[in-house]
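The structure appears below as structure tokens.
Each chain gets a letter, A, B and so on, in the order its sequence line appears, and its residues count up from 1. Computed over heavy atoms, backbone and side chain alike; hydrogens, waters and symmetry mates excluded.
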Protein chains: 2
Amino acid sequence: MNISMIAQLAEVSTATVSRYLNNGYVSEQKRKRIQAVIEQTGYTPSSSAQTLRTGRNNLIGVIVPKISSESVSRMVDGITEVVNNAGYQVLLANTGNNTEREMEYLKTFRLNNVDGVIFIGTLMTKKHLALMKSYKKPIVLMGQQESDVSCVYFDDYGAAKLATDCLVRCGCQNIVHLGVTLKDKAAGRARRGGYLDTLEANHIAFREELIAECAGFTTQDGSDAMAAFLEKQIPFDGVFCATDTIAFGAIDVLRRAGIQIPEQVKLTAVGNNRMSAIYSPHLTSVSLSHRTGGLEAGAILMDMIQNDNDAVRTAQMQCRLYERESTGAAE
Amino acid sequence: MNISMIAQLAEVSTATVSRYLNNGYVSEQKRKRIQAVIEQTGYTPSSSAQTLRTGRNNLIGVIVPKISSESVSRMVDGITEVVNNAGYQVLLANTGNNTEREMEYLKTFRLNNVDGVIFIGTLMTKKHLALMKSYKKPIVLMGQQESDVSCVYFDDYGAAKLATDCLVRCGCQNIVHLGVTLKDKAAGRARRGGYLDTLEANHIAFREELIAECAGFTTQDGSDAMAAFLEKQIPFDGVFCATDTIAFGAIDVLRRAGIQIPEQVKLTAVGNNRMSAIYSPHLTSVSLSHRTGGLEAGAILMDMIQNDNDAVRTAQMQCRLYERESTGAAE
DNA sequence: CTGTTAGCGCCTTCAA
DNA sequence: TTGAAGGCGCTAACAG
């Protein structure tokens, strides 16, 4: 079932059918005939032929480190919404946090199919940047901030400030930071920066020994880091965790150690996962607006594609503090 | 940069280049020449042209109700792993729990692009089934069990039995069931069936008033249902929740009502989310093996596609009970 | 407003 | 083992 069959049945030329399908520069009479035939036959134009002919695929590639992460899946949720509404489909590449695979997909997508790419980044290497900058198709980076590339990023620094400041306001003076690798500029470096600057702004001396680096982003990593810190027997009255997930692990360890939250130790984090509002204790956390970021990234990419707009654009999402039980807030 | 440029540069015909790219029925000498040219130019064949010509896309469609759900994103994680390893890409359709959109994507995918489809189902209507059975491309249904369609489903009934039985073993006699709509045959009907049959097997009389139906699958729905039940002032000593997410909502309400878990009320659920093992109390839950299900569905689909195997195949995933604090287990 | 026509890039017989 | 040639289904000039 192809366009010439339709043309034959409707007794018009293929060009007219094509016009019907696209511009719509067709007389009312023939329009009706074509419409009837298409409905009867259930014809759909072959997208591969369309692509071959026009060079457009109505396809965008989305590269993610791990689709089963809550923040990532929320971003993808936002992306799909915008992009589908614009008539585009999403090609999903799940790299499993493997940097080489990221590069691979970036290349696979490049000359190949897609009209544009959204890349949800974690650790950005020089190779990544070089590849992105030399990209021929529109590309939007999410979650990391880099120059010369359109990006939608989250206010990691501001979020960390809010979370740390909340602890300070609650009277904490010895605030532990459970962070992640500084190679991750967003979740690692920027959040640590917010922590440090807030201490300084409040005239609290920074103490190296209060910083613990988690091996990764899982609850287990949070538990391990918290447990290791407890062994050092350093007194503390507050914990600022780089992510909610890490916080859940840390809380579990504190609970088992018989340390009361928020009575003895107060705790904040960044992410505002679904669980935060119902975890016990309800977790004070800063929302980064992941889904909104996905909407924004999708919108920027659509603009780049549909309007041939190759200007570099950036958008920073707003963050918001939700104070809950873990800092003694009445909800 | 296309195949004829390569052919020209390598001083062979396009047919030879094509053979090089596919079968490989090429003399050593020319093979080397072609290889050199391709490496220099960084040429990649146009997948749309290939598709147009061969009818193959190396693309599979995955239709999901909500990508940001933990169980769904885990299944997708499994699917992408298998399918990518087989050289296929995943086209993701996120329907936002909208049945009409599901049908729409099913149709969009049908004649169009993809070589096969994996459909993660919730509420299956007759229309869905009719469409799936008349599908021309290989299709695998996940999460629901239907005849005449290949499906990978979870042992919802067995999981509910394990979870309910665990409560009975712990001495519960008045077990509340926080369930979901029976229209969902898996999470609704099958889990309720497991609950009922376990009561019967243990000679515990079924009481209608102990069943509460949640409006949906969110923690809020769990909270609401639990709160509504508490208002009825019916004594109870156990709660079996259809999902972990619902359980988290329920626990939150119980906690606020000053009801101790597991001392006064014991609680189990199905799903074994990441959070279950660290929620407070650690939640006794049954794992359904979502990610493994994704691997399995991907493998079945690949077999159907690559070997033209159109036999209907089904696979049931195994479930496993994890006993934790919420039923008083020592971990 | 409509039809004719020439490819988009590739694969695959067919003949050599 | 190779090359010539036709066509997959569609769109976009171009001419009417």
Side-chain angles (χ1 to χ4, degrees), chain A residues 1-38 41-59 87 89 108-115 136-137 306 308, chain B residues 1-38 41-59 87 89 108-115 136-137:
Chain A
M1 183 56 53
N2 59 23
I3 199 170
S4 47
M5 302 255 321
I6 302 297
Q8 217 175 320
L9 290 172
E11 295 175 325
V12 297
S13 72
T14 61
T16 306
V17 178
S18 177
R19 277 188 213 100
Y20 170 87
L21 259 18
N22 299 286
N23 320 320
Y25 210 55
V26 184
S27 69
E28 198 51 39
Q29 183 199 9
K30 303 204 170 178
R31 173 179 300 282
K32 279 184 186 163
R33 288 220 302 271
I34 295 171
Q35 187 174 11
V37 172
I38 286 182
T41 56
Y43 163 78
T44 327
S46 146
S47 64
S48 30
Q50 287 182 136
T51 299
L52 179 59
R53 187 55 233 251
T54 62
R56 301 200 158 191
N57 223 328
N58 277 35
L59 217 57
Q89 303 275 10
T108 303
F109 283 164
R110 181 162 50 174
L111 292 171
N112 228 354
N113 310 308
V114 304
D115 296 328
K136 285 146 196 169
K137 298 287 177 86
Q306 295 181 326
D308 271 327
Chain B
M1 183 55 53
N2 58 23
I3 199 171
S4 48
M5 303 258 316
I6 302 296
Q8 219 175 318
L9 290 172
E11 294 176 327
V12 296
S13 71
T14 60
T16 306
V17 177
S18 177
R19 277 188 213 100
Y20 169 86
L21 259 17
N22 300 286
N23 319 321
Y25 207 56
V26 183
S27 67
E28 199 50 40
Q29 182 198 11
K30 303 204 170 179
R31 173 181 301 283
K32 279 184 185 162
R33 288 222 302 270
I34 295 172
Q35 187 174 13
V37 172
I38 286 182
T41 56
Y43 163 79
T44 327
S46 146
S47 64
S48 32
Q50 287 182 135
T51 300
L52 178 59
R53 188 55 232 258
T54 61
R56 300 202 157 190
N57 224 328
N58 277 35
L59 217 57
Q89 303 275 9
T108 304
F109 283 164
R110 183 163 47 173
L111 291 170
N112 228 354
N113 310 308
V114 303
D115 296 327
K136 284 146 197 167
K137 299 287 177 84

Check your understanding: Nearest-Å distance, CD1 (B:Ile6) to P (C:dG9)?
Key -> 12 Å
**Study point:** Minimum side-chain heavy-atom gap A:Leu21-A:Ile34 below 4.5 Å
**Key:** no
Check your understanding: Is the phosphate of D:dA13, meaning OP1 or OP2, less than 4.0 Å from a side-chain N or O of A:Tyr25?
Key -> no
Point to revise | Nearest-angstrom distance from the residue atom CE of B:Met1 to P of C:dC8 | key: 14 Å
Study note, to complete from the structure: Per nearest nucleotide of DNA chain D, the residue lying toward the 5' end, A:Arg19 or A:Ile3, is A:Ile3
Check your understanding: Hey, is CD on A:Gln306 packed in by over 12 heavy atoms from elsewhere, all under 6.0 Å?
Key -> yes
Review point. What is the distance, rounded to the nearest whole Å, between atom OH of A:Tyr20 and atom P of D:dG9?
Key: 20 Å
**Study point:** Short side-chain N/O contact from A:Ser27 to OP1 or OP2 of C:dT2, under 4.0 Å
**Key:** yes
Exercise for review: Say whether, by atom type as modelled, one donor and one acceptor occur between the side chain of A:Asp115 and the main chain of A:Asn57 under 3.5 angstrom.
Suggested key: yes
Practice item. Indicate yes or no: at least one non-hydrogen side-chain atom of A:Met1 is less than 4.5 angstrom from one of A:Ile6. Key: yes
**Study point:** Qualifying residues under side chain to side chain contact (heavy atoms under 4.5 Å, CB included), relative to A:Glu11, sequence neighbours excluded
**Key:** A:Arg33
**Study point:** Distance, rounded to the nearest Å, where A:Glu28 contributes CD and C:dT2 contributes C1'
**Key:** 16 Å
Exercise for review: Using whole Å, report how far CD of B:Glu11 lies from P of D:dT1.
Suggested key: 21 Å
Point to revise | Integer-rounded Å distance: C:dC8 P and A:Arg56 CZ | key: 19 Å
Review point. Which part of the nucleic acid, if any, lies within reach of A:Val17 when heavy atoms closer than 4.0 Å are counted: base, sugar-phosphate only, or nothing?
Key: nothing
Practice item. Could you tell me the separation between the CG atom of A:Leu52 and the P atom of C:dC10, rounded to a whole number of Å? Key: 9 Å
Polar atom pairs (N or O), protein with nucleotides 5-7 of chain D, under 3.5 Å:
unit_1: D:dG6; atom_1: N2; unit_2: B:Arg53; atom_2: NH1; d: 2.7
unit_1: D:dG7; atom_1: N2; unit_2: B:Arg53; atom_2: NH1; d: 3.1

Check your understanding: Could you give the CG-to-P distance, from A:Asn22 to D:dG9, as a whole number of Å?
Key -> 17 Å
Exercise for review: Please tell me if the side chains of A:Ser46 and A:Asn2 come closer than 4.5 Å, counting only heavy atoms from C-beta onward.
Suggested key: no
Check your understanding: Is it true that the side chains of B:Thr51 and B:Ser48 contain a donor and an acceptor less than 3.5 Å apart?
Key -> no
Exercise for review: Could you check whether A:Thr16 gets within reach of a base, just the sugar-phosphate, or nothing at all, counting any heavy atom under 4.0 Å?
Suggested key: sugar-phosphate
**Study point:** Pairwise 5' ranking along DNA chain D for A:Thr54 and B:Lys30, keeping only the more 5' one
**Key:** B:Lys30
**Study point:** B:Ser13 side chain near D:dT2 phosphate (N/O to OP1/OP2, under 4.0 Å)
**Key:** no
